[in-house]
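Right, one structure below, let's go through it.
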There are 2 protein chains.
Amino acid sequence: MGYYSDKPRFYVAVDCIIFGVVGGRLCLLLGRRRFDPEKGKWSVMGGFVQEGESIGDAARRVLLNLTGLRDIYMEQVGAFGSVERDPGERVISIAYYALLGPGDYDPAVLQANSAEWIPLDNLPPLGFDHPLMVEKTLSLIRSRFSTEPIGFNLLPPLFTLPQLQTLYETILGQPIDKRNFRKRIAEIPSIVKTDLIDKTNSRRGASLYRFDAERFSPDSKFVIK
Amino acid sequence: MGYYSDKPRFYVAVDCIIFGVVGGRLCLLLGRRRFDPEKGKWSVMGGFVQEGESIGDAARRVLLNLTGLRDIYMEQVGAFGSVERDPGERVISIAYYALLGPGDYDPAVLQANSAEWIPLDNLPPLGFDHPLMVEKTLSLIRSRFSTEPIGFNLLPPLFTLPQLQTLYETILGQPIDKRNFRKRIAEIPSIVKTDLIDKTNSRRGASLYRFDAERFSPDSKFVIK
DNA sequence: ACAAAAGTGTTCCCGTTACACCCATGA
DNA sequence: TCATGGGTGTAACGGGAACACTTTTGT
């Protein structure tokens with residue numbers, strides 16, 4: 001007998017709001033539920049926390065199943081615990097967001113999991129309280145993107161500045177002056193220019209940059225707006 | 001039979017990191033645990049989530065029991081779900097912080113609950129993962145205090161500017177120039193000067209101000225640093 | 001030659017900071 | 001009168017925002 005045996009117990013789930021850039025557009029990875037409740041509805045990817053598994057590990061497991069990767073960038077958004085949030089049974093859910101780069105997933109595996117990339121500006125109605133989770137996530141990552149070097153997680157290891165700028169404009173929801181943007185980037189030592197050029201988007205080509213985590217110190221200021 | 005009957009279930013608790021200003025010092029409301037596990041250790045005030053009760057309601061219930069009040073300012077900090085965080089049995093906990101004004105609690109009731117105000121700069125060792133919760137809470141409220149008009153919840157309905165400034169200095173952890181601070185306050189329409197004077201702290205007396213929620217619009221800028 | 005995207009500096013302005021003295025009052 | 005805390009303005013500085021043209025190259 002344990003200490004708390006007179007207390008009620010609950011199903012606890014993790015729900016992962018997974019971001020990716022597909023075809024230049026910021027997307028969420030959504031699934032159509034294959035079972036009741038809310039069968040057929042779109043929802044974010046989730047799973048139940050298991051015995052002996054921390055909530056963070058549960059979220060990492062969901063991501064591992066979808067990507068085969070263990071080191072996906074991830075942060076907790078918060079707990080959602082309305083009584084009626086799941087119409088089937090009571091479930092308390094912890095939301096996490098994750099950022100996937102283009103090489104971090106295999107389209108075939110996603111398909112096998114009934115998961116699809118849906119552009120953020122074109123989301124279908126979501127089930128449960130997932131719209132609320134997505135809202136809270138968006139306001140969280142807006143503030144994170146401004147002050148933490150995490151945007152690179154959504155891009156390939158080598159990326160161009162126009163790519164990076166477009167990403168920031170999408171996340172922050174406003175256009176950014178090109179020259180001011182590049183000025184700020186130039187002041188960040190951890191964003192280093194390579195001598196490679198990407199010609200997929202223009203005749204002239206754009207220089208490729210990479211994020212060098214080695215050169216990033218946690219208390220160096222990183223502000224992009 | 002429910003939908004999820006093959007899934008494990010967990011005890012879910014709420015832990016409230018409760019702030020108050022006592023004797024001019026910023027304090028946390030802590031309790032000595034009266035039962036195992038961790039009997040005798042200091043901890044923040046918590047309780048188990050009940051059937052049919054949302055996690056927010058559970059936190060409000062903990063606060064209601066301590067204060068008799070239902071409208072305490074409160075915000076979720078996040079979920080804590082390490083497997084071993086509670087040495088007794090596995091418990092997943094959702095942390096909330098709350099801000100109490102001087103009139104929001106009754107010392108006798110607190111005593112009946114084995115709760116005491118402990119200055120933040122003099123915290124005893126805390127049990128469980130409560131040090132982690134407190135850390136995360138502090139970084140959260142630092143950013144909140146800078147951008148949201150919530151500091152007033154820790155003060156009486158009428159407060160002086162020196163009081164408010166000291167509070168901000170404590171929360172932000174750095175001294176603030178008096179004239180610059182008052183200049184910023186003067187630009188905030190929702191902080192209104194009354195014609196009352198508080199003479200408890202000086203011969204000259206300090207003007208009393210109040211926060212007027214009516215005059216506060218959610219998108220008016222509120223920045224104090 | 002031209003279309004299409006990448007790249008590049010300077011100026012102005014406003015908000016932030018730094019800073020020192022007088023005021024009101026009770027003891 | 002003096003000690004104590006409350007209250008007030010200005011000048012210098014720096015970071016942010018606005019702004020337009022040149023470069024490269026494939027077709």
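The chains referred to below are lettered A, B, ... by the order of the sequence lines, with proteins before strands, and numbering in each begins at 1. These numbers were taken from a predicted model, which means no experiment stands behind them.
Note: OH (A:Tyr209) to P (C:dA6) measures 12 Å, nearest angstrom. Atoms CG (B:Asn201) and P (C:dT25) sit 16 Å apart, rounded to a whole Å. Note: CD1 (A:Ile176) to P (D:dA17) measures 10 Å, nearest angstrom. Whole-Å rounding puts the A:Asp195 CG to C:dG7 C1' distance at 17 Å. Taking atom CG of residue B:Asp198 and atom P of nucleotide C:dT25, one finds them 14 Å apart after rounding to whole Å. Atom CZ in A:Phe181 sits roughly 13 Å away from atom P in D:dA17 (whole-Å rounding). Between the P atom of D:dA20 and the NZ atom of A:Lys178 lies a distance of 13 Å, rounded to the nearest Å. Nucleotide C:dG7 holds its C1' atom 11 Å from the CD1 atom of A:Ile197, rounded to whole Å.
In plain terms, the two heavy atoms of A:Ala112 and A:Arg34 that are nearest each other are O-NH1, 3.8 Å. Contact between A:Met133 and A:Ser93 at its shortest, heavy atoms only, is CE-OG, 3.6 Å. Between B:Phe181 and B:Ile224, the shortest heavy-atom contact is CE1-CG2, 3.9 Å. Annotation for B:Leu167 and B:Leu26: closest pair CD1-CD1, 4.3 Å, computed over non-hydrogen atoms.
The salt bridge (Lys or Arg N to Asp or Glu O under 4.0 Å) pairs that include a residue from residues 199-215 of chain A are A:Arg210-A:Asp212, A:Asp212-A:Arg215, where partners are two or more places apart or lie in different chains. Listed by first and then second residue, the salt bridge (Lys or Arg N to Asp or Glu O under 4.0 Å) pairs that reach into residues 96-106 of chain B come to none, sequence neighbours excluded. Residue pairs meeting the salt bridge (Lys or Arg N to Asp or Glu O under 4.0 Å) criterion with at least one member in residues 125-152 of chain A, sequence neighbours excluded: A:Glu75-A:Arg144, A:Arg85-A:Asp129.
Using a distance-only test at 3.5 Å, with no hydrogens or angles considered, a donor-acceptor pair links the side chain of B:Asp198 to the main chain of B:Thr200. When atom types are taken as modelled, the side chain of B:Ser146 and the backbone of B:Val223 share no donor-acceptor pair closer than 3.5 angstrom.
Residues A:Leu132 and A:Phe80 are in side-chain contact: their nearest non-hydrogen atoms beyond the backbone lie under 4.5 Å apart.
Contact check on A:Arg25 versus A:Asp121 returns a salt bridge, with a Lys/Arg side-chain nitrogen under 4.0 Å from an Asp/Glu carboxylate oxygen.
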For nucleotides 16-18 of chain C, print each protein N/O atom paired with a nucleotide N/O atom at under 3.5 Å, atom names and distance only.
unit_1, atom_1, unit_2, atom_2, d
C:dT17, OP2, B:Arg184, NH2, 2.9
C:dT17, O4, B:Lys183, NZ, 3.1
C:dA18, N7, B:Asn180, ND2, 3.2
C:dA18, N6, B:Asn180, OD1, 3.1
C:dA18, N6, B:Lys183, NZ, 3.4

Do any N or O atoms of the protein come closer than 3.5 Å to N or O atoms of nucleotides 25-27 of chain D, and which pairs are they?
unit_1, atom_1, unit_2, atom_2, d
D:dG26, OP1, A:Lys199, NZ, 3.4

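Residues from residues 153-170 of chain B that place a heavy atom under 4.0 Å from any atom of DNA chain C: there are none.
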